[in-house]
There are 2 protein chains.
Amino acid sequence: MNRYKAPTIVQLAKLLGVAPSTVSRAFTDPGKLLPETVDRVRRKASEIGYVPNNHARALITGRSSIVGLIVPDIANPFFPPILRQAQRTAEEQGLSLILADSDGDPERELQLVGRMTPQVEGLVLAASRLPEKSLVTIAERLPTVLVNRDVEGIPRVLVSADEALDLAVATFVRDGHRSLAYVGGPPESWSNAQRASRVERSAREHGLPMARLEAPGGTYSEGFDVARAVTSAGATAVIAFDDVIAHGLISGFQAAGLSVPHDVSVLGCDDTLSTTTYPPLSSISLDLRGAGRLAVETLRASAGPSAAAPARFELEGKLVLRGSTGRAPER
Amino acid sequence: MNRYKAPTIVQLAKLLGVAPSTVSRAFTDPGKLLPETVDRVRRKASEIGYVPNNHARALITGRSSIVGLIVPDIANPFFPPILRQAQRTAEEQGLSLILADSDGDPERELQLVGRMTPQVEGLVLAASRLPEKSLVTIAERLPTVLVNRDVEGIPRVLVSADEALDLAVATFVRDGHRSLAYVGGPPESWSNAQRASRVERSAREHGLPMARLEAPGGTYSEGFDVARAVTSAGATAVIAFDDVIAHGLISGFQAAGLSVPHDVSVLGCDDTLSTTTYPPLSSISLDLRGAGRLAVETLRASAGPSAAAPARFELEGKLVLRGSTGRAPER
DNA sequence: TCTTGGCATGCACACGTTTGCATGCCAGCA
DNA sequence: TGCTGGCATGCAAACGTGTGCATGCCAAGA
């Protein structure tokens, strides 16, 4: 009933006594028109409230001004900063962002990609759980940027904790720790594999024994439960896949009567919790917002006719020592 | 170069030896077709990976199959569950969700609405900070659903803590508490005003003195800092606007050498942190996912020709007592 | 004056759907 | 058998825009 039909390009053209194509050009290719004409068209347009119909435009150009973003889990504090900055950057470029959550399920992720494909201009896949093969196929038919997934031939932006992890291990050694534990997160996560192997390598180089433990769901309570295994492995320092697990670990240690960092040092990763734990969590701070921005900028660039090699950006995180790490206990 | 053209309805029709309109109907109006035909079309469609082009569809029908969702702050743990379920429900209905973050700024929120208007079919505004007048104007020109904002004449779904707050106050009284504090959150937030006045009323009815304190940014560190004010007001029980502030309060008390819940009881709201604090935070659990679902379902319903009165849903939360609340200290 | 060429604008088709109407078929009834 | 009517499907016209090509104008050069 309150059906309001928006003014169209032909109405505006008729009103001005010009051809529809002239109006079109006034918006999309003003250089081809007399500046005076452009002015006249634009003025009248805003007067009658004309605004280009996105769907009609998308239909003919194939560019929808919409980009899709898929994350495994919106509720994970790792993603909101990426998401937020991605949206903001998209907005600056005149793009809209459509969002979906794959729930960490590769099958569902693939399905979401399928649904999005016809209506988006490009895709950002954050921490994708899809096999490389699928990713390549997707990237072939649609401009795609990966976040935290390193696949040759596809533009990608990675937030890396590698150097900071090296530094962390070195710091632990210097502080007298003689045994280390790493608590892994979701096994399908690329970051998890990356971090685990880096810590392992670094520990080996320092001759530091390392126990490998798991919190596959990446939850607080898993972290809590695995604390026991850390102590029985004899480790005095533990690096967790992320802050959530680290937080659980701290609580687990406290519940077992151990003091952090006096009895055991705990290092998180991602720095999403910052000072909201007690003691304040040492962690590795990542440039998540930068990743969000870079992802859509790269997408935009790679959507063009550029035949340049697919970009690969690596954003190094930095180690932030707070109260949850310290010297090894005297024994 | 890597331009991949998606299969179209006519290609599919040719492949099947039927008319394009038949294919179209197989998706939009299957009742008009022989069930067998519908099957055949759908089977072939998924075989060759055909998926309807939304833009073409939107152009002719005027319905874009896109709904917009605006939140004040994606990073606030209150919103992801809403967001997530809203997206999922939208997906079930064949809709896409475009997302934006207003950063809590009304001006920016208005601007976002303006940008979205021409391309969405409806709008969900969560915890909007816009004046009522603006909201009414928006709702007039576009199907709109409010979440946690109560404006007469606009469909809305509210997650309410009212009854649970009453129960909480009664519980405090029963447990011997003689003085209460309420720590408010963002002053522009409708929920904040709602909760504050409810607690105030409930306390008055019980003859319980109540101190009103503020953490206007709604952050952990503000909660931490305001803990001091709580104790100097002599309160032995404190209700916080949300879990984040409550978490800060707990840490603040611990830093001041007070034990929770032995010396002071802390109650959060929203139940977003659940067991990740120590002691586990008592809180008020809200049906956020239900709100997300209801919001887009309501939007969908109100987009139809229904002239029914705008719906108003109120989802009551429930009190969950964990380890951060207990009996008043002996004195 | 005639030609050339650049520049501003008009013409008309294409994009992939939906949908009202037309068509053809077959069953049921007189 | 002939007629009616319902049902499954085909036909073709939109929806609002972008864009290659054609057109017409005017200035500059010969």
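Each chain gets a letter, A, B and so on, in the order the sequences are listed, and its residues count up from 1. None of these values were measured; they are calculated from a predicted model.
- Judged purely by atom type and a 3.5 angstrom limit, Arg149(A) has no side-chain atom pairing as donor or acceptor with the backbone of Val157(A).
- For the ring-ring contact (aromatic ring centres under 6.0 Å, His included) condition, the pairs that include at least one residue of residues 32-59 of chain A, sequence neighbours left out, are Phe27(A)-Tyr50(A), His55(A)-His55(B).
- When all heavy atoms of Leu123(A) and Ile138(A) are compared, the closest pair comes out as CD2-CG2, 4.1 Å.
- Contact detail for Pro118(A) and Val51(B): the closest heavy-atom pair is CG-CG2, 3.5 Å.
- Counting only N and O atoms by type, the side chains of Glu107(A) and Gln111(A) include no donor and acceptor under 3.5 Å apart.
- A salt bridge links Arg88(B) with Asp101(A); the closest basic N to acidic carboxylate O contact falls under 4.0 Å.
- The base of dC11(C) sits within donor-acceptor range of the side chain of Ser21(A), with an N or O pair under 3.5 Å.
- Taking all atoms of both residues into account, the shortest heavy-atom contact from Ala75(B) to Pro80(A) is CA-CB, 3.9 Å.
- You can see that DNA chain D meets the heavy atoms of chain B within a 4.0 Å-exclusive cut from dA8(D) to dG16(D), reading 5' to 3'.
- For the pair Ser102(A) and Ile70(A), the tightest heavy-atom approach, listed with the atom from each and the gap, is CB-CG2, 4.1 Å.
- The backbone N or O of Ser24(A) sits less than 3.5 Å from a side-chain atom of Thr28(A), completing a donor-acceptor pair.
- Near DNA chain C, meaning a heavy atom under 4.0 Å from it, residues 33-45 of chain A has Leu33(A), Leu34(A), Thr37(A) in order of number.
- A straight line from CD of Gln11(B) to C1' of dT17(C) spans 14 Å, rounded to a whole angstrom.
- Glu121(A) places no side-chain N or O within 3.5 Å of a backbone atom of Arg63(A) that could act as its donor or acceptor partner.
- Side-chain polar atoms of Ser64(A) and Gln119(A) form no donor-acceptor pair below 3.5 angstrom.
- Electrostatic pairing of Arg293(B) and Glu297(B) counts as a salt bridge here, judged by a charged N lying under 4.0 Å from a carboxylate O.
- Within residues 50-60 of chain A, the residues approached by DNA chain D to less than 4.0 Å at the level of any non-hydrogen atom are Tyr50(A), Pro52(A), Asn53(A), Ala56(A), Arg57(A), Ile60(A), in residue-number order.
- Residues from residues 23-31 of chain B lying near DNA chain C, meaning a heavy-atom separation below 4.0 Å, are Ser24(B), Arg25(B), Thr28(B) in numerical order.
- Lys14(A) places its NZ atom 14 Å from the P atom of dG10(C), with the value rounded to the nearest Å.
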Could you walk me through whether Asp150(A) and Arg156(A) satisfy the salt bridge (charged side-chain N to carboxylate O under 4.0 Å, His left out) test, starting with their C-alpha distance in whole Å, then the side-chain angles of each, then the deciding distance to 0.1 Å, before giving a yes or no? CA-CA 7 Å; Asp150(A) 195 0; Arg156(A) 52 218 186 272; 2.4 Å; yes
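- Each end of the helix from dT1(C)-dA30(D) to dA30(C)-dT1(D) gets its own rotation axis from five pairs of C1' atoms, and the angle between them is 50° to the nearest 10 degrees.
- Remark: the backbone N or O of Thr272(A) is not paired with any side-chain donor or acceptor of Asp270(A) at under 3.5 angstrom.
- Nearest approach of Pro20(A) to Val10(A), heavy atoms of both residues: CG-CG1, 4.0 Å.
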